[in-house]
Amino acid sequence: MAVTQTLTPSESTPVQAGDGSIHSLVAAAVGDGERIKRRAIDRVANASDASHFLLTPQAVVIAADTAEVAAILRAASATQTRVTFRSGGTSLSGQASGDDLLVDVRQRFKRIEVLDGGARVRVQPGATVRQVNGRLLRHGYRLGPDPASEAACTIGGVVANNSSGMACGITENTYQTLESMIIVLPSGTTINTAAADADAQLRAQEPALVDGLLRLRRRVLDNPTSVSIIARQFAMKNTMGYAVNAFLDFESPVQLLAHLIIGSEGTLAFVAEATYRCVPIRREITTGLAIFSSLDEATRALPELVATRAATLELMDATSIRVGQSFDDAPAEIRGFEVAGEAALLIEYHADSRAELDELAAGGQGALGGFDLRSPVRLSTNPVERATAWKLRKGLYASVAGARPTGTTALLEDIVVPVPSLAPTCDALQDLFAKYNYRDSVIFGHAKDGNIHFMLTDRFEGDEALGRYVDFTEDMVELVLGAHGNLKAEHGTGRVMAPYVRRQYGDEIYDVMVQLKRLCDPTGMLNPGVIINDDPNAHLKDLKHAETIEVEADRCVECGYCEPVCPSKNLTLTPRQRIVTRRAMARAEADGSRELLAELERDYDYSGIDTCAVDSMCVTACPVLIDTGQLVKRLRRERQNPVLAAGWQLAAKAWGPVTRAGSMALTVADALPAPLVTGTTNVGRALVGADMLPQYADDLPAGGSARRPLAGTIGAGNGDPVAVYLPACVNSMFGAEGTGIGVASAFERLLERAGVRVLVPQGIESLCCGTPWSSKGYTGGHKTMSTRVAEAIRVASNDGALPIISDASSCTEGFAHIVEGAGLSASVEDLVSFVARVVLPKLGTVEPVVESLVLHPTCSSTQMGLNPALNAVGAAVASTVTVPDSWGCCGFAGDRGMLHPELTASATVAEAAEVASLGADAHASCNRTCEMGMSRATGESYRHVVELLEEATRAPSA
């Protein structure tokens, strides 16, 4: 049976280890008790990573800086406390989990410094690969490592795992492209390897370590068998064990240590900063799918295709093709046939010029000429066609993992073998899947490198399931080592393959690795059980069991892709953490742990439900398309207050008077002394609850203008109305920013100047997109409003003959949901898109009204694909338009920013700092409450971008 970990309530789990108290020592090291998390919900939420292991820490520390990490390590050494560092948590082999002290280095270690025009970049471990590449893009460079998890994986993890990816191979990974790093050893010693006297510093502070490293180097070099094994194993991708190839490659103690730390998975030292040599971006790209008659035929083509300098060669087996055929937008190449034993290669070439690209593509076509293909291969530079091909490759994981039976875990593995051995290895793997009844397992991966991934889905529990897993693993290990391959190519050794490190390298090299661990980490405090583990059953312990939870989130694989886009990530919980906490609740209930369940439920109300923006940005990043916002909406429905639900139902029936009353209240409040109003609302919030009554602040605008006067046809010209315009109630309730006229008035003036007419329905004052009800879980009120809106749209649009437009992106999205739910044929378009498509071309030449403009896209504009239109309108009114690299959901979320202003404050920290550094002349967005949130966060006046367009097109005397 697998060994599992039992979690108890926080009150009964003091964080102690050895013979000292970690409480007092770590508290002294950190200095800020708020960053030491001991509650059960904090420990549970931070426990899970993307692997199939689950270890729950006794405490979580949000480290502030390098000096603090050094102090934490010294304190942990004094108490023999085990320490695991966590950044992105995308690790698949169990190396990002620990059961004692978990040190989170995501929140405070995010600095990115571009050097030498992008040729180098200095990065802290909490920044993601995508964030770094976003900064490098404008300079024409990128990082060498290119993991598929770039949206969520952090530099800390990339260094710790020596991550590679689609095109990186073994020539552009961290080992090859890292220039220097700042490291913190378990003793607290901190070394900057870029320092001119780094070797002298290391020897002065850690003489035993330096002497030991040089002894190990001589031991390796003096053993021809060791040199031969290392050279062979590291000629391929290899993340099994430590990077002992460093003993062959480096003489300097500091450089030797630095390259041993790369890929060490947090077991030797903490990497506080890494400086990379960057790779120039090759902007000309062509991509194609080649469908071969068999897997053998596909792999036989690899040497010739590699010789043509293909950037990527991604292999997909017959099961992969069958899965891909189920995609709605499956590429044409895999449609229209019943898969037998076919296999596919996704082929891509990169070049600096079109002429070079054409030459490379021609070489690829020539190399394919002698192979049995279902149809001729067409290489395309079209971005849409290229994206479709890549969606097939990248969608395999999501499709198989998302479709797994409830309660099971997705185990994604990777191996590498010499390319000539790839075909028989894949065939043998498929035989093992059949032998051990692992159905629907797919094989895909980086064929150019001989590196393939495969997935097993099972509930790894009980004698039968675990026995099957053990026997499969043993057979797989024999298969890979028999082919002279590596058991881990890019996912890291972790816990899953730690028992097999000795078998891959033999006793001598394994003992070198053991001695290396003892030199760097004498007490074994850093990430114990990872890489070095003599327990032959270590990979069967602490296995994760995915308890069945609500259907909206049950298929979550806990990868953490959703976390970077979540506005509450640095305040309470991320989408992944909301889900894993629900699973912990289900486990506690099943185990009868009532005290723990009660504690988790109590703290989840605020952390999991109240502070979720339900912005659905998580679904844009989720590989299995989970919208955690929908889960939170369900939970809000289930806990709704009957009195409030009835009140919101009444509000839906009398929405016009409600919005006008709200507008009037804001106007009155704006005229009163702010402390008086704020004090009154604070008293009310204390009485009825912070999630019930909004908090007034003096930066809130006065009330807006009524929508009723807009009813009828607005605009100019003799033609018929070209759209139905539903001005959003949020722009009526909240007035314009500063001296602005508001988006509705601006749009009306633009229509007149463009000679365009639109129709505003009668009774517009009583219409709403329904978001206030859906986001709060008040289904009765939402149904009432949806019915009224659907009928108004049906009549005004002449049964869908006219498109529907609205002037707040979140409201546009809400109206689109109503139209879809009612089965109406009308199309729905945001005002920004309509202006860019219809109005702007009719306005003639538009002279920029400002020199520089900062745009804030919104969650809804992103999900609706509205951002290109937003940028187009912005480009018409400003000479320079900038979207901050750090933009994200502002967390205002309708009234959430007034109910819980701390959410917006936390969500906007990074973007606000970047906006301040830009010093732009104007700031704009496309949603009123988001504009309010960003105005509050930055101290700048954010307005609707259409207001700026109206200013830019005014007559000089206007």
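Just so you know, residue 1 is the first one in the sequence shown, and it goes up from there.
The line from CD1 of I261 to OG1 of T267 is 9.5 Å long, rounded to the nearest 0.5 Å. Residue E273 holds its CD atom at 11.5 Å from CD1 of I155, rounded to the nearest 0.5 Å. The structure places OG1 of T239 at 10.5 Å from CG of N173, a figure rounded to the nearest 0.5 Å. Atom CZ of R86 is separated from atom CG of L102 by 5.5 Å, given to the nearest 0.5 angstrom. H259 NE2 to N162 CG: the interatomic distance, rounded to the nearest 0.5 Å, is 9.5 Å. The distance from atom CD1 of I183 to atom CG of L185, rounded to the nearest 0.5 Å, is 5.0 Å.
A donor and an acceptor atom, one from each side chain of S568 and T611, are nowhere located under 3.5 Å apart. A donor-acceptor contact closer than 3.5 angstrom is absent between the side chains of S906 and N570. S51 and D49 are linked by a side-chain donor-acceptor pair at a separation below 3.5 angstrom, with hydrogens and angles left out of the test. Side-chain polar atoms of Y242 and T493 form no donor-acceptor pair below 3.5 angstrom.
Across all their heavy atoms, S163 and G157 have their closest contact at OG-O, 3.8 Å. When all heavy atoms of V60 and R43 are compared, the pair lying nearest together is CG2-CA, 4.4 Å. Closest of all the heavy-atom pairs between A70 and G188 is CB-O, 3.5 Å. Here the shortest heavy-atom pairing between T572 and S607 reads OG1-O, 3.3 Å.
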Residues S164, E490; criterion side-chain hydrogen bond (donor to acceptor under 3.5 Å, both in side chains); working and verdict: CA-CA 6 Å; S164 49; E490 56 183 13; 2.7 Å; yes
S616 and Q863: CA distance, side-chain angles, deciding distance, side-chain hydrogen bond (donor to acceptor under 3.5 Å, both in side chains) verdict: CA-CA 8 Å; S616 296; Q863 293 171 51; 4.6 Å; no
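Note on E563 versus K569: no salt bridge recorded, every NZ/NE/NH1/NH2 to OD/OE distance being 4.0 Å or above. Ion pair R138/D885 flagged as a salt bridge, since at least one NZ, NE, NH1 or NH2 atom sits closer than 4.0 Å to an Asp/Glu carboxylate oxygen.
Aromatic pair F109/F270: ring centres closer than 6.0 Å.
Remark: the backbone N or O of V580 is not paired with any side-chain donor or acceptor of E558 at under 3.5 angstrom.
Exactly one of T862, V854, L855 qualifies for a side chain to side chain contact (heavy atoms under 4.5 Å, CB included) with W887. That residue is T862.
Side-chain atoms of M513 and V501, non-hydrogen and from C-beta on, do get closer than 4.5 Å to each other. A 4.5 Å side-chain heavy-atom check between E179 and R120 finds at least one atom pair inside the cut-off.
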